[in-house]
Colleague: 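Sharing a structure with you now.
Reckoned from all heavy atoms, side chains included, excluding hydrogens, waters and symmetry mates. Quantities reported herein were computed from a predicted structural model and do not represent experimental measurements. Both counts, for ligands and for their atoms, begin at 1 and track the order of listing.
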Amino acid sequence: MRKKIVAGNWKMNKTLQEGVALATELKEILAAEKPNCEVIIGTPFIHLATLSELLNDSVIAVSAENCANKESGAYTGEVSAAMVKSTGAEYVILGHSERREYYHETPEILKEKVDLALANGLKVIFCIGESLAEREANKQEAVCKAELEGSVFHLTPEQWKNIVIAYEPIWAIGTGKTATAEQAEEIHAYIRKCVADVYGAQAADDTTILYGGSCKASNAPELFGKPDIDGGLIGGASLKAPDFKGIIDAWK
Ligand code: PEP
């Protein structure tokens, strides 16, 4: 059975102290009521070591939101996959549309990041998804397939086991517009078929595919009720513990 996951993506929010407060609140809530899914919080680099220690004895795993496409050396301001791993973080989010758009991360750069993350023992939450113009031109399948082919379909079947896919239609991220459960299910099923074509039916069945884009407690049950939607990658609603818990509860 593939894993059900609810993962937060804090983006560039929360000072260290605010992040510790939020993680502590979440840890206490989930200790009192065990979740029915894996819970991950994706945080800025500055939180990783502190939160990995704080959440060590909890059900919550920690993820970075990025890592460098170089191993080490003279790359001022960059943080390597090995450094992320050394904080105790288990995951890294790669390919988020904000990084593709604002930081010009190409499929080739993302491929290097994915390879380094896996080589350093991190699991990867790899984001794909189409823009509004691409959706209106009915190109969502072609876009998702190309993004997979460009950065992750070169992996070996063994490496693939450490990949989680997050389908995030760009037009739904932070906009309040959610894909309907039917729209999301349709493309999730397509993505799973693409995985099956490369890695086989069993591997595809074992692959966790998350939905992201204005997911909240009110729409999560319908989205997560679809057969190919295995949870969510959550931006805005991961910044307050009760909101995030409301989405985790969709798995009850
Ligand atoms: C995201 O950026 O990964 C995301 C899904 O954001 P939001 O939930 O705010 O739409």
Colleague: Which of the atoms in ligand 1, numbered in the order shown and given with their element, are less than 4.0 Å from a heavy-atom of G212?
Modeller: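 Listed by number with element: 5 (C).
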
Colleague: Taking only Lys NZ, Arg NE, NH1 and NH2, and the carboxylate oxygens of Asp or Glu, determine whether E33 and K245 approach each other closer than 4.0 Å.
Modeller: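 Judged by the 4.0 Å cut-off on N to carboxylate O distance, E33 and K245 do form a salt bridge.
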
Colleague: Report the residue from D205, T207, T208 that forms a side-chain hydrogen bond (donor to acceptor under 3.5 Å, both in side chains) with R2.
Modeller: D205

Colleague: Does R192 pair with D206 as a salt bridge, N-O distance under 4.0 Å?
Modeller: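 Not counted as a salt bridge, because no side-chain N and carboxylate O are separated by less than 4.0 Å.
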
Colleague: Between E105 and K113, does at least one N-O distance fall below 4.0 Å, as a salt bridge requires?
Modeller: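 Salt bridge between E105 and K113, a charged N being under 4.0 Å from a carboxylate O: yes.
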
Colleague: Is it true that A172 lies under 4.0 Å from ligand 1, counting heavy atoms only?
Modeller: yes

Colleague: Would you kindly specify which portion of I173 sits under 4.0 Å from ligand 1, judged on non-hydrogen atoms: side chain, backbone, both or neither?
Modeller: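 Both of them.
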
Colleague: May I ask which of E168, K216, K177 has a heavy atom nearer to atom 5 (C) of ligand 1 than the others do?
Modeller: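 It is E168 whose heavy atom sits nearest to atom 5 (C) of ligand 1.
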
Colleague: Look at atom 9 (O) of ligand 1 and say which protein heavy atom is nearest, naming residue and atom and giving the distance to 0.1 Å.
Modeller: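 Atom 9 (O) of ligand 1 sits closest to the protein heavy atom G236 N, 2.9 Å.
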
Colleague: Do any N/O atoms on L233 end up under 3.5 angstrom from N/O atoms on ligand 1?
Modeller: no

Colleague: Give the residue, atom name and distance (to 0.1 Å) of the protein heavy atom nearest atom 2 (O) of ligand 1.
Modeller: K11 NZ, 2.5 Å

Colleague: For atom 1 (C) of ligand 1, what's the nearest protein heavy-atom neighbour? Residue, atom name and distance, please.
Modeller: H96 NE2, 3.2 Å

Colleague: Cut-off 3.5 Å, side chains only: do Y167 and E130 have a donor facing an acceptor?
Modeller: yes

Colleague: Are E90 and K85 close enough for a salt bridge, meaning some N to O gap below 4.0 Å?
Modeller: no

Colleague: Flag the pair K4 and E38 as a salt bridge only when some basic side-chain nitrogen lies within less than 4.0 angstrom of an acidic carboxylate oxygen.
Modeller: no

Colleague: List ligand 1 atoms under 4.0 Å from G213, heavy atoms only on the residue side.
Modeller: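 Once the distances to G213 are compared, the set is 5 (C), 10 (O).
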
Colleague: Is ligand 1 less than 4.0 angstrom away from at least one heavy atom of S214?
Modeller: yes

Colleague: Starting from atom 8 (O) of ligand 1, what is the nearest protein heavy atom, named by residue and atom, and what distance separates them?
Modeller: G235 N, 2.9 Å

Colleague: Can you list the atoms of ligand 1 that are under 4.0 Å from a heavy atom of G174?
Modeller: 7 (P), 9 (O), 10 (O)

Colleague: If I compare all heavy atoms of L94 with all of C67, which pair ends up nearest, and what's the gap?
Modeller: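 Scanning both residues completely, I find the closest heavy atoms to be CD2-N, 4.0 Å.
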
